[in-house]
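Below is one structure, written out as structure tokens; the observations come after it.
Small disclaimer: the values here were computed from a predicted structure and weren't measured.
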Amino acid sequence: MRNLLMHSPIVVALCWILAFLLFTLLPLLVLLIYPPPGERGFWVEFSVALGFIGLALMALQFALTARINRVEASYGIDLILQFHRYTSFVAFAMVLVHPLVLFWVQPDTIQLLNFPEAPWRARLAVLATLAFIMLIVTTVWRKQLKIPYEPWRLSHSILSVLAVGLGLGHAIGVGNYLGLFWKAVLWSAIALVALWLIVYVRLVKPWLMTKKTYLVEEVTPERGDVWTLALRPVGHEGFRFQPGQFSWITLNITPLSMREHPFSMSSSGEHSERLEFGIKAVGDFTSKIKDYKPGTKAYLDGPYGVFTSDRYEDSAGFVLIAGGIGITPLMSILVTAAERGDDRPYLLIYSSKTWEDITYREALDDLNERLDLTIVHVLREPADDWDGEKGYVDQDLLARYIPARRGTRHYFICAVPKMMDQVERALHDLKVPVTNVHMEHYDLA
């Protein structure tokens, strides 16, 4: 029984949440050991607590974005990045409220904002806050500010290091709670671990990736302005992956350049000697995929993701719901199932603009002969003679096709956010257990 609990995804996920809360609060609790003498009042101490918790939360962001496999395997990297985003806002709020409360309780401390005349510890606080503000602004409004992904990613790392480093310098400079040497060492160690994580992700891991090169074998066109990028490992065995997972790809440049992009594998998880990715030409990078020639060097960081049918071997079958290029990870699930001789029923509901836009249309017809597979095409702009489903994947359409015993299946949804939200609500209204619904987002950048 104990082993079953320890291997339960829910139990493991809860353990990581508890660990996150512990690491957030533990540094603050340590400060209460041998507290400084004197009584400064509740609001002053509350302000200080907010500052330390905010600083600890900022340091933990480096762990959230380090792609730690054990953590990622419990939640999926897209959920972790969303959690990173929201907890960053919480940390930002705490960092801002920290001085505001202090200014309210002790109005004379506003003079610390006089940067030229303020003590160096106050200057560090101002600089840390400015770095954090720039971090938030350039992240939330990156697309509106038209900041390219690669320069933003580099500046994001630099600003993160500055915010944490300057914030720690401010705390040590104030010295009230960090007056004892061992407390200053503890907090410095936390900052160094955070720094090591970013060095590992940005430098060490890319360097290790250069030891495992892949070559572009071919780039083939698919319907719907999609291209299949096929990579083959050179001098190594590549990696095995679970169908539905994805990898970060670096093409024709060194991984140290930090110009990598996440794409789902579309090929079978049974073959590591050839990895295929379905890529739709929608942006500056993806529109150039067709121009890469066979023999081009590539590097992969993966596999990642929990959007895989392999986690649910006890399921009686699967319902796959795709929109456009969202068919890519679901294609991997179907191809792998066919190769394994899976005899469970699969239902694919696939939304496309027109009949000619259906990516992998012929390959899906072939899979229909090899699997217990039902395919429902839904066209938004059908021809006059189309007698299939049309419009959008809504609750009425889903009710016509999903099994009456909703909880016997697991449901995988991959589409644009608007469609995923609509399908998720519809499945909820149709009494599908929330634990049986799994979603994959396109854009992790």
Side-chain angles (χ1 to χ4, degrees), residues 9 76 241-246 264-271 276 278 305-352 355 358-379 386-415 419-420 422-440:
F241 64 92
Q242 295 177 327
Q245 291 187 307
F246 69 93
S264 296
M265 276 77 75
S266 59
S267 53
S268 171
E270 295 295 294
H271 298 285
E276 296 180 359
V306 296
F307 187 79
T308 172
S309 55
D310 279 6
R311 293 169 63 93
Y312 309 100
E313 286 296 323
D314 58 345
S315 178
F318 298 94
V319 176
L320 313 178
I321 305 171
I325 190 58
I327 188 63
T328 301
L330 304 183
M331 189 67 181
S332 177
I333 290 175
L334 292 172
V335 171
T336 306
E339 289 210 6
R340 293 174 178 173
D342 193 342
D343 60 356
R344 290 174 293 181
Y346 285 79
L347 167 64
L348 172 64
I349 300 175
Y350 187 7
S351 173
S352 304
W355 179 249
I358 300 176
T359 306
Y360 305 128
R361 194 178 77 192
E362 290 77 11
L364 288 170
D365 290 339
D366 177 63
L367 287 170
N368 202 19
E369 302 296 325
R370 301 166 59 194
L371 281 171
D372 182 0
L373 172 63
T374 301
I375 302 176
V376 179
H377 288 296
V378 184
L379 303 183
W386 172 254
D387 59 357
E389 296 289 351
K390 60 185 70 174
Y392 296 91
V393 180
D394 56 20
Q395 183 174 335
D396 292 337
L397 186 147
L398 289 169
R400 290 197 295 272
Y401 291 101
I402 66 174
R405 296 175 63 191
R406 317 295 200 208
T408 63
R409 304 290 192 270
H410 277 266
Y411 302 73
F412 289 81
I413 313 166
C414 189
M419 177 178 170
M420 288 200 298
Q422 177 178 319
V423 171
E424 183 184 22
R425 287 194 299 270
L427 291 176
H428 178 268
D429 292 339
L430 291 171
K431 309 304 181 184
V432 173
V434 65
T435 54
N436 289 30
V437 178
H438 318 283
M439 298 188 293
E440 180 82 316

After noting the C-alpha distance and the side-chain angles of Leu397 and Ile349, does the key distance pass the side chain to side chain contact (heavy atoms under 4.5 Å, CB included) rule? CA-CA 10 Å; Leu397 186 147; Ile349 300 175; 4.0 Å; yes
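Here the CZ-OG distance, from Phe412 to Ser309, works out to 5.5 Å after rounding to the nearest 0.5 Å. Atom-to-atom distance recorded for Ser268:OG and Leu334:CG is 11.0 Å, nearest 0.5 angstrom. Here the OG1-CE distance, from Thr308 to Met265, works out to 9.5 Å after rounding to the nearest 0.5 Å. Going from atom CD1 of Ile321 over to atom CG of Leu330 covers 9.5 Å, rounded to the nearest 0.5 Å. To the nearest 0.5 Å, atom SG of residue Cys414 and atom CE of residue Met331 are 14.0 Å apart. Between the CG atom of Leu367 and the CD1 atom of Ile375 there is a distance of 7.5 Å, given to the nearest 0.5 Å.
Closest approach of Arg344 to Glu313, counting heavy atoms only: NH1-O, 3.2 Å. When all heavy atoms of Gly244 and Ser332 are compared, the pair lying nearest together is N-OG, 3.6 Å. Residues Ser267 and Phe241 approach most closely at O-CZ, 3.5 Å, considering heavy atoms. Ala337 approaches Tyr346 most closely through the heavy-atom pair CB-OH, 3.4 Å. Looking at every heavy atom in both residues, Leu398 comes nearest to Leu430 through CB-CD1, 3.8 Å.
Side-chain atoms of Arg361 come within 3.5 Å of backbone atoms of Trp355 as a donor-acceptor pair (strictly under, hydrogens ignored). Side chain of Ser351 to main chain of Gly323: no donor-acceptor pair is present (N/O by atom type, distance under 3.5 Å, no hydrogens or angles). No side-chain donor-acceptor contact under 3.5 Å links Ser315 to the backbone of Tyr312. Listed for the Arg409 side chain is no donor-acceptor partner under 3.5 Å among the backbone atoms of Leu347. Between the side chain of Ser352 and the backbone N or O of Gly324 there is no donor-acceptor pair closer than 3.5 Å. Judged by distance alone, with hydrogens and angles left aside, the side-chain atoms of Gln245 form a donor-acceptor pair with the main-chain N or O of Gln242 at under 3.5 Å. In this structure a side-chain-to-backbone donor-acceptor pair under 3.5 Å is present from Gln422 to Val393. At least one donor-acceptor pair under 3.5 Å links the side chain of Thr336 to the backbone N or O of Gly269.
For the pair Asp310 and Arg340, the salt-bridge criterion is met [side-chain N within less than 4.0 Å of a carboxylate O]. A salt bridge does not link Arg400 to Asp396: none of the charged nitrogens lies less than 4.0 Å from a carboxylate oxygen.
Relative ring orientation between Phe318 and His410 is described as tilted, the plane-to-plane angle lying within the 30° to 60° band.
Among residues two or more places apart in sequence or in another chain, the ring-ring contact (aromatic ring centres under 6.0 Å, His included) test is passed with Tyr411 by none.
In this structure the side chain of Glu339 reaches within 4.5 angstrom of the side chain of Arg370, judged on heavy atoms. The side-chain heavy atoms of Val306 and Arg311, taken from C-beta on, include a pair separated by under 4.5 Å. Taking 4.5 Å as the limit, every side-chain heavy atom of Leu348 sits out of range of all side-chain heavy atoms of Val376. Under the 4.5 Å side-chain criterion, counting only non-hydrogen atoms from C-beta, His377 is in contact with Ile358. Between Tyr350 and Val378, every side-chain heavy-atom pair lies at or beyond the 4.5 Å cut-off. At a threshold of 4.5 Å between non-hydrogen side-chain atoms, the residues Asn368 and Thr374 do not count as touching.
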